[in-house]
Structures are given as C-alpha cells and as structure tokens.
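Every chain is numbered from 1, with letters handed out A, B, ... down the list of sequences.
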Number of protein chains: 2
Amino acid sequence: MARDAQATRERLVASARKAFSERGFERTTVREIAAEAGVNPALINRYFGGKEQLFAEAVSIDLAFPDLSGVARDRIGHALVEHFFRRWEGDAQDDLLRVLIRTAATNEEAASRIRGVLAEQVGMMVARVAGPARVCERASLIATQILGLAYARYVIGLSDGDVAPEVAIAMIGGTVQRYLFDELP
Amino acid sequence: MARDAQATRERLVASARKAFSERGFERTTVREIAAEAGVNPALINRYFGGKEQLFAEAVSIDLAFPDLSGVARDRIGHALVEHFFRRWEGDAQDDLLRVLIRTAATNEEAASRIRGVLAEQVGMMVARVAGPARVCERASLIATQILGLAYARYVIGLSDGDVAPEVAIAMIGGTVQRYLFDELP
DNA sequence: TTCCTTTGTAAACGCTTGTTGACTTTGTGG
DNA sequence: CCACAAAGTCAACAAGCGTTTACAAAGGAA
C-alpha cells in the first residue's frame, strides 16, 4: 500500500455526503467534492466510477430507531419524534436523511432509496410495536408526517420559532401515536 | 401586433410550469421549455430575461382554500385534506405546489416562496377558522403534515396503494383537525 | 539500487448549458 | 403598395460540467 487509498476514499465519501446534503445531487459538482477532500477530481472516477456511483455509495441510510421496549405504549409516538429531533439537533451536517430528502426531489435513485427505507425500516418498526395488521398503510402515514417535518425544517427552513421542539414533540408525537394505534377506516 | 406575443408568453409559462414540476429547476433546460412551446429558446431571454426570471414568473401560487363556513367545526381538517386530494387527483400536471415542492429542495427562491404561502395563505386560513391565538405554530404544524403528504405522493412516489385517499382523508384530516383546534403545550 | 505496482496529478476532451447579437419573417398603418 | 416595428429564428458564444488519457511521484520487493 502507498499513501492510503482507503483513507482518501473515505474522505471523498464524507465530502460527498456533506455536499449532497447542502446542495442536492445536481447542484453538487465532482470538482467541489474533490476539492473539499483535497484531492484531484479524477480520483472520483478511479475509485467509484463516476458521480452517480459515488452518490449511491455515499447514501446508505440507517434510521437507527431506538429501543422502544421500555417505553409506555401511549408514549411511543412521542418517543419517535423526540428521537428524530435529537438526531437532527446534533449538527451532523452530513445527516443522510437530509441528503436523501433534498436529493429525492429530482433524483429517482434517491426517491427509490427512501421508499426502501420506508418499506423496510419503518415497516419493521411499525410491525414490532403495533402488530402486523395494515403495516404498510400505517408506515406510509407516519412517513408523510415525519418526512414533512424534516422537509419543513431542512428544506423550507422553518425554525424553532415556527415549530418549537417541545410543541412539535407533543403534537406530532400524538399524530404518530394515532397513526400507529388508531383504528383505520 | 403581429403573431401574438402575449400567447407565446403564456405558452412559455405553461411549458415552464410543466417542466419545472416534472424535473425541478436545475434539471429543466430552457431548450426543453422552448421546444414544448414550439418556439426558439432565445425568446425566453427576450420575454423574461432568463431562466431564473421565467421561473419566478411561472410560479405564483394560490392554494385556493375552499369556503369553510358551511363545514361543521369538527370536520374542517377533513375538508381541507379532501380539498388537496381533489386538487391533486385532477391531472393538473402543472400544479404549482408540486413545482414548488420539487424545486425548493435545491432552490432558495422556491423555498422562500413556500414560506410566504405558509405565512400568508395558511396563516390566514388558520386565523379565520381557529382564531388568532398561536396562528404561526398551528400553521407550521399543518404545513409539516400537508407538505409531507404532497412530498410522499409526488416526490417519493407513494401510490394510492400505500395511502388510500379515503384512509388519508380520515386519518390526516384528523391530524389537521388536532393542529387547528387542540390545545398546544 | 532497480523495478514495478499503487496512488495521485495535469491537462485536455466532448458535451451541454444559458445567453447573446445579427438576421429574417410577418402583419399592419400610412 | 410599402416601409417599419414587432415577432421569431439562427448560429455562435463562453462557461461549466463529468470524464478520460497520459504522465509523475511514492514506496515496498527483488
């Protein structure tokens, strides 16, 4: 080995995540990514094959749902919303959900990725806490609310002044709670 | 007058709306827009000054909230969600909210436009039906849910199979109802 | 040391983009 | 009829993009 190729790969992936999360896929240039990583743009092609493949590699998301077994049944919705808020408050500039939400707007690959996360991770969580009945519908309903919250905060730019975290956790938590457990028509 | 410049302008705006709503701002080219309108790309610069200005002119949105005076107080949320569904079911390919949601992801001008609509139109509606107290918070909460619904359907591509309209109207209508009238913490 | 693979750079390529300025067509008022 | 302004076309521009190709530095093995 010479001059640690592994490390440069990882720096490129990190720069890519940051750039994609700030500007989305189309507005981000490989030249920017390479510059931020301190290397030559050509390396992106050498290591990943191109911009598309770098994106695919940079964006693999894990919602990391918390352990809900110790949470009272009537507080699960609130716990989930609180989980996302905690995740977002930490200034992880490269938060992958943010990358995807921004990028999915004009990128089918990213949209498909979100559908996958929805079906697998959210669906799994719903099945675990609320049982197997109508999992897909409940997961989709929850997704409309959580994606909307993320979109409003990080794309539209609504601030804590517009939706204070404690208000959001209380009210939106109640909504998720309903989507989890209320009887569907 | 010769060869109706007014009509050409309007055809360009219509093509622009359609293109922006399908592909967002960056992915749409002035050449596409002009081709769809059946004219030369140079006319976009002649009439609007450039792509940015065409976008600004093409996107001026009116949510067109229905008259809610005849709706029972405990059904207002449902009526609102139903209103949006009706709006979206009609295959208005050039629906402006769709344009904005897609474009705002990477375009600050569009994001700012949504903030404006939120503050003015949604805020106004909330004030009218629920009174002046904490209008901004209620409007923001409603926005997270409605934007999320639109995002899920038109960006992520969730279908009626994932969230059937009647289920969505019932459940999400209930949510909007809570955001309008429930006591906030 | 010498060789040779790995890691990185430099410069250019081909393409598409938004935009521009000069030109042509068209309808109409004098 | 005929000029003339309005409406539209055409071809080219400069800039930026992702990508490729050829070449230089680096370091371990022989």
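When heavy atoms are screened at a 4.0 angstrom cut-off, F48(B) is found touching no nucleic acid atom at all.
Summarising the geometry, the separation between CZ on R46(A) and P on dC23(D) is reported as 15 Å, rounded to the nearest angstrom. Atom P of nucleotide dG16(D) and atom CZ of R23(A) are separated by 15 Å, given to the nearest angstrom. A straight line from CG of L12(A) to P of dT9(C) spans 10 Å, rounded to a whole angstrom. Rounded to an integer number of Å, the gap from CZ of R9(A) to C1' of dT6(C) is 15 Å. Here dG18(D) presents its C1' atom at 14 Å from CG of L43(A), a figure rounded to the nearest Å. One interatomic measurement links the two molecules: CD of E32(B) to P of dT17(C), which rounds to 7 Å at whole-angstrom precision. Here the P atom of nucleotide dT19(D) and the CZ atom of F55(A) are 14 Å apart, to the nearest Å. Atom C1' of nucleotide dG18(C) and atom CD of E26(B) are separated by 13 Å, given to the nearest angstrom.
The pair K18(A)-E32(A) fails the salt-bridge criterion, with no side-chain N (NZ, NE, NH1 or NH2) lying under 4.0 Å from an Asp/Glu carboxylate O.
In the set dT9(C), dT19(C), dT9(D), dT9(C) carries the atom at the smallest distance from any side-chain atom of V39(A).
For the OP1/OP2 pair of dT20(D) and a distance below 4.0 Å, the side-chain nitrogens and oxygens of N45(A) include at least one atom meeting the criterion. Look at T8(A) and you'll find a side-chain N or O under 4.0 angstrom from OP1 or OP2 of dG8(C). An OP1 or OP2 oxygen of dG16(D) is reached within less than 4.0 angstrom by no side-chain nitrogen or oxygen of T29(A). Between Y47(A) and dT7(C) there is no side-chain polar atom (N or O) within less than 4.0 angstrom of OP1 or OP2.
Side-chain N or O atoms of R102(A) include none that pairs as donor or acceptor with a backbone N or O of T106(B) at under 3.5 Å.
Where R31(A) and G38(A) meet DNA chain C, the nucleotide closest to each residue was compared, and G38(A) sits on the side nearer the 5' end.
In this pair, Y151(B) and Y151(A) present their aromatic rings tilted. The plane angle is within the 30 to 60° band.
Side-chain N/O atoms of Q6(B) and E10(B) include a donor and acceptor closer than 3.5 Å. No side-chain donor-acceptor contact under 3.5 Å links Y154(B) and S21(B).
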